[in-house]
Protein chains: 2
Amino acid sequence: MATIHDVAKLAKVSIATVSRVMSGADPVNPKTQQRVLAAMEKLNYRPNGLARNLRNLRTNVIIALMPNIQNPFFSEVIRGIEDGAREAGFHLLIGNTDGDRGKAKEYMALLDESLADGLILTTAQTDQAFLDEFAAHRPIVLACEYMEGSTIPTVSIDNISAARKVVKHLLALGHRRIAHIMGPNEVILSRARLAGYRQALQQHGLEVDEMLVQEGDFSLDSGYRVTRKLLSFKRPPTAIFAANDEMAIGAIRAIREHGLQIPDDISVAGFDDLTVSSFVSPSLTTIQQPRYEIGYRSVEMLIRLIRSEPLAQTQVVLDDSLVIRESSGVPKEHM
Amino acid sequence: MATIHDVAKLAKVSIATVSRVMSGADPVNPKTQQRVLAAMEKLNYRPNGLARNLRNLRTNVIIALMPNIQNPFFSEVIRGIEDGAREAGFHLLIGNTDGDRGKAKEYMALLDESLADGLILTTAQTDQAFLDEFAAHRPIVLACEYMEGSTIPTVSIDNISAARKVVKHLLALGHRRIAHIMGPNEVILSRARLAGYRQALQQHGLEVDEMLVQEGDFSLDSGYRVTRKLLSFKRPPTAIFAANDEMAIGAIRAIREHGLQIPDDISVAGFDDLTVSSFVSPSLTTIQQPRYEIGYRSVEMLIRLIRSEPLAQTQVVLDDSLVIRESSGVPKEHM
DNA sequence: ATTGCGATTGTAAACCTTTACAACTTTTTG
DNA sequence: CAAAAAGTTGTAAAGGTTTACAATCGCAAT
């Protein structure tokens, strides 16, 4: 591999001049520049990024941590992050934590080893004190989740009000026995959506039947299993609100296998509006959230942090919207 | 940030000794070691990875390039890659190309800038000559796709025979007008699956009706659109074989909207066996391929290449299997 | 006492850039 | 024509490691 010294020697200039030709920061005599460019071409010279990074103490790498790449929700967020990163000249390192805090910490350590410039967390398991401490001295942005009482810059929707919106929709259709399939309890997001569910019922003067709140893990399969359980009750729910679309699709499968019609016998609503949700049958009532934009805005903020530029806003809340499709309808007794 | 010099000074040793304590390669007097460890602890020392990488001319980063992170097929492959990489102490940089060759080349350039040690391509657009040349001097593995006549190490299934298997299944059920929704023609994989489709028909003594071969782009939506077109024909097909599950799910939607029953009026088969494919209604007949293993084996090979270790095999072909579910059945006229 | 050896540690170069500063050349100005 | 300014280039240090090689020390063997 040719180095800058080889180029300098061939072009009969100093290495400083070669560097200047590359960066374009300082003026270089056009003739000299030509010689240098010719030499670089001839030697097929490629600057060594490691040396450059060491000198600059910058890597132009940002890390995005997510609990599960497989979840299509996150892959759209990633797209936003990746596009934003690209535009600013950053590369994206993706870390899959599988919800494992140890893995997450491994990735976080890369910041301290100068192997990455910043970090985006798409799900904070609740080690809030640790996280706050960590974020105090390092560029970090929290995407998708809002952490009560934290000062970490955040981009998300208002999960509580969004969940409330879904449940109110079901209430307005006439449902009274509405179940909730929540995500893992240790995920902040899950608890926020559950809170919205409770609020809607309470505002409607209804008690929450704790039997109707069941925990899943955001996977298709968990939605399927939990729904079978719900259907086995003496008084099964007339509507199910799942904390994400995947679990809702699992629920749909379980309901159909049970010989019931959607939405005639039972309504289903999800959360996230995955692309597939408008293609499944019945198509899914759900909350559309600006996943791409969440990613894009997060990385924008992160890069400002990295550059020590001031943030206009430290907590960004984006709009969501309820998308009503075939899976939710008036309950039977009301028809 | 404390450096190795600070640690050395505090522990009253040379930087070489500190380095030795970290690497554990050379022997160090236990007492000295204790002093050094204490100093590191006290200063909260973290070695600078950039400096280490520059010195070693290694980054421990590998890049995985894919056309589309959003495709759930790839996210499972990524998991395999990521796990394999982690186990070997490598980090994974994910590059989304959007099928754009320019973006792909940008990522590939990172190898020449010493910012990554190796590359896994999950889809080769056909710039075969360029790719062969590029791979000749750099650690590269091709995952998912087999490139005819290339010497680039590859891990994949036999797409031709797998596609043949699907079509033979449909033929065995009695179908004669079988459509194929292929992937983008410039993707090798798409052409392989098309080839399998043709072979199966020919081996059965049937002509290929070129009207029944339509091109999609692997997205749900393209499957939907193409199917509407197929259904508008005077003599629509009695079965549709889509080159991936997403297009198949799009096809199902279009067929239902058209008021037809699956599989009574028309059968559908996909390719990939996404998790969601067993949850949609009707559940999908498809080809199961070992996505995780493809990723895992690819990275294994790549790391051997990076370490200049010999490869036992340069072209690995893994097993696939046909999964028959609800979406395929006997055509009407045969019932 | 001398020699030799193993164990341990230190010195200094190398990895390849970027950039502050100095130096030199050419042009402009009075 | 001298002096100042502008334009161009070079020198050398710095960024933080790893490691080949040399040096030192203690101790056993002769």
Side-chain angles (χ1 to χ4, degrees), chain A residues 1-40 43-61 89 109-117 307, chain B residues 1-40 43-61 89 109-117 306:
Chain A
M1 272 274 132
T3 74
I4 198 172
H5 288 94
D6 303 320
V7 175
K9 194 187 288 179
L10 184 60
K12 299 193 197 309
V13 293
S14 73
I15 58 171
T17 300
V18 178
S19 179
R20 282 189 270 256
V21 168
M22 290 192 286
S23 75
D26 297 331
V28 173
N29 185 307
K31 268 172 155 166
T32 317
Q33 174 160 343
Q34 283 315 311
R35 279 214 317 284
V36 172
L37 289 174
M40 296 199 315
L43 295 171
N44 191 25
Y45 169 71
R46 297 279 174 268
N48 183 313
L50 286 174
R52 175 177 288 169
N53 287 347
L54 174 58
R55 168 66 211 211
N56 296 338
L57 294 180
R58 285 278 249 85
T59 62
N60 289 321
V61 168
L110 294 182
L111 286 187
D112 292 335
E113 292 166 18
S114 301
L115 290 172
D117 295 342
R307 298 192 174 137
Chain B
M1 271 274 131
T3 75
I4 197 171
H5 287 95
D6 303 320
V7 175
K9 193 187 287 178
L10 184 60
K12 299 191 197 308
V13 295
S14 72
I15 59 170
T17 300
V18 178
S19 179
R20 280 189 272 256
V21 169
M22 291 192 285
S23 75
D26 296 332
V28 173
N29 185 307
K31 269 173 157 166
T32 317
Q33 175 161 342
Q34 283 317 310
R35 279 214 318 283
V36 171
L37 288 175
M40 297 201 313
L43 296 172
N44 191 24
Y45 170 70
R46 297 280 172 267
N48 183 311
L50 286 174
R52 176 177 288 170
N53 288 347
L54 173 59
R55 166 67 209 207
N56 295 338
L57 293 181
R58 285 279 248 86
T59 62
N60 289 320
V61 168
L110 294 182
L111 286 187
D112 292 335
E113 293 165 19
S114 302
L115 290 172
D117 295 342
I306 290 172

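Numbers restart at 1 for each chain; the letters A, B, ... are given by sequence-line order, proteins then strands.
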Please tabulate the protein-to-nucleotide N/O contacts below 3.5 Å involving nucleotides 21-24 of chain D, giving atom names and distances.
none

- Task: Taking only the side-chain heavy atoms of Thr32(B) (C-beta and beyond), determine which of dT9(D), dT17(D), dT9(C) contains the nearest atom.
- Result: dT9(C)

- Query: Looking at dT19(C), dG10(C), dT8(D), which one has an atom nearest to any side-chain atom of Thr17(B)?
  - Reply: dG10(C)

- Message: If you compare every side-chain N and O of Ser114(A) against the phosphate oxygens of dG16(D) (OP1, OP2), does one of them come in below 4.0 Å?
- Response: no

- Whole angstrom is fine here: how far is it from CD1 in Ile15(A) over to P in dA13(D)? 12 Å

- State, yes or no, whether a side-chain contact exists between Asn48(B) and Arg52(B) at a heavy-atom distance under 4.5 Å. no

- Reckon Ser19(B) has a side-chain N or O less than 4.0 Å from the OP1 or OP2 of dT18(D)? yes

- With the side chain of Thr3(B) defined as its heavy atoms from C-beta on, choose the nearest nucleotide among dT8(D), dG10(C), dG16(D). dG16(D)

- Query: Think Tyr45(A) has a side-chain N or O under 4.0 angstrom from the OP1 or OP2 of dC16(C)?
  - Reply: no

- Message: Measuring from the side chain of Pro27(A) (C-beta onward, heavy atoms only), which nucleotide among dG10(C), dT19(C), dT8(D) has the closest atom?
- Response: dT8(D)

- Task: Give the rounded distance in Å between these two atoms: CZ of Arg58(B) and C1' of dT17(D).
- Result: 16 Å

- Query: Taking CG from Asp26(B) and P from dT17(D), how many angstroms apart are they, rounded to a whole number?
  - Reply: 17 Å

- Ordered by number, residues from residues 47-56 of chain B within less than 4.0 Å of DNA chain D (heavy atoms) are Pro47(B), Asn48(B), Ala51(B), Arg52(B), Arg55(B), Asn56(B)

- Query: Is there side-chain contact between Val61(B) and Asp117(B), with at least one heavy-atom pair below 4.5 Å?
  - Reply: no

- Query: Does a side-chain heavy-atom distance below 4.5 Å link Met22(B) with Val36(B)?
  - Reply: no

- Note on the structure: Taking for Leu57(B) and for Met22(A) the nucleotide of DNA chain C with the nearest heavy atom, the one nearer the 5' end belongs to Leu57(B)

